[in-house]
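Everything on this sheet refers to the single structure shown next.
If you read the sequence from its start, that first residue is 1, and numbering goes on from there.
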Amino acid sequence: HRAIYAYNFSEAFNISYNTIVNARYRGIELSGSTPADPDAWSMIYNNSFAGFGYTSTLSNGIYITTSGRVKIHYNSINVLGNTGRAINTTATAVQLDVRNNSFAYSGTGNGYAAYYLTAPTNFVANDYNNYHVADGTTFVYYEGAIRADLAAYQAVALPYGQAQNSLQGNPMYTAPTNLLPFGPQLF
């Protein structure tokens with residue numbers, strides 16, 4: 001049900017250059033994985049996750065819980081399920097660095113480009129990302145509420161220095177599961 005599952009890792013790791021299409025629940029799940037070395041960071045970068053046709057809120061491109069010191073950079077995610085989230089971080093995810101990603105929800109239900117239960121202070125960085133939701137009603141969940149668009153998200157993220165250089169726009173992927181973008185904001 002998960003394409004990649006990192007559970008109870010105490011060493012830093014890299015998950016990179018993967019293309020995952022139509023995993024049932026999650027592209028990547030991190031659980032209980034924080035490097036023991038306080039100077040070490042795990043990295044999730046240059047991945048492509050598309051599909052996730054399961055019809056519940058369990059459909060996630062990246063899901064992080066009880067994990068920390070993770071850099072999430074240069075990933076393209078498109079969730080197509082009835083409901084889902086391109087990235088989902090729980091309240092127990094800490095020290096996250098989320099930059100230069102494209103998070104899209106193109107399904108037909110109430111999905112999110114990002115669902116951040118993580119407290120804003122648990123992000124080391126969260127900026128330069130592109131967010132897209134096809135139906136436009138559930139854009140990003142952040143700071144305890146649904147943010148309907150980028151302006152609303154940026155307004156509450158400003159005190160934390162987050163999302164100020166992020167974008168909202170359709171990445172115009174070549175196909176729902178081929179995440180080569182043609183959206184002008186990604187060039």
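- Using a 4.5 Å cut-off on side-chain heavy atoms (C-beta onward), Gln95 and Trp41 make contact.
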Inset, instruction - Could you check Asn126 against Tyr116 for side-chain contact (heavy atoms from CB on, under 4.5 Å), going step by step and ending with a plain yes or no? - result: CA-CA 11 Å; Asn126 186 8; Tyr116 297 130; 3.6 Å; yes
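- The distance from atom CZ of Arg69 to atom CG of Asp97, rounded to the nearest 0.5 Å, is 13.0 Å.
- The closest donor-acceptor contact from the side chain of Gln162 to the backbone of Ala157 lies at 3.5 Å or more, if one exists at all.
- The shortest distance between side-chain heavy atoms of Ile44 and Ile62 falls below 4.5 Å.
- Judged by the 6.0 Å and 45° rule, Arg2 forms no cation-pi pair with Tyr25.
- When hydrophobic clusters are built by joining Ile, Leu, Val, Met, Phe, Trp and Tyr residues whose side-chain heavy atoms come closer than 4.5 Å, directly or via intermediates, Phe13 is grouped together with Ile28.
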- Message: Walk me through whether Phe103 and Tyr131 qualify under ring-ring contact (aromatic ring centres under 6.0 Å, His included).
- Response: CA-CA 5 Å; Phe103 299 126; Tyr131 298 94; 5.8 Å; yes
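- Under the 30°/60° scheme for interplanar angles, the aromatic rings of Tyr112 and Tyr115 are found to stand perpendicular.
- Panel note: side chain Glu143, backbone Pro120; no donor-acceptor pair is recorded below 3.5 Å.
- For the atom pair NE2 of His132 and CG of Asn78, the computed distance is 7.5 Å after rounding to the nearest 0.5 Å.
- Of the possible polar contacts, one joining the Asp127 side chain to the Ser166 backbone as a donor-acceptor pair under 3.5 Å is found.
- Side-chain contact annotation: Thr66 with Thr92, donor-acceptor N/O pair under 3.5 Å absent.
- A centroid separation of less than 6.0 Å is found between the aromatic rings of Tyr153 and Tyr142.
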Under 3.5 Å, side-chain donor or acceptor atoms of residues 172-184 against the rest of the protein: list the pairs with distances, not counting sequence neighbours.
unit_1	atom_1	unit_2	atom_2	d
Tyr173	OH	Ser102	OG	2.8
Thr174	OG1	Leu180	O	2.9
Asn178	OD1	Leu180	N	3.3

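- Remark: of the listed residues Asn100, Asn129, Asn101, Asn101 is the sole one forming a side-chain hydrogen bond (donor to acceptor under 3.5 Å, both in side chains) with Asn75.
- Looking at Asp149 and Arg147, no side-chain N of the basic residue comes within less than 4.0 Å of a carboxylate O on the acidic one, giving no salt bridge.
- Checking each of Asn122, Ile87, Thr89 against Leu96 for a side-chain contact (heavy atoms from CB on, under 4.5 Å) leaves exactly one that passes, namely Thr89.
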ring-ring contact (aromatic ring centres under 6.0 Å, His included) assessment of Tyr74 paired with Tyr45
CA-CA 5 Å; Tyr74 306 109; Tyr45 64 97; 8.2 Å; no
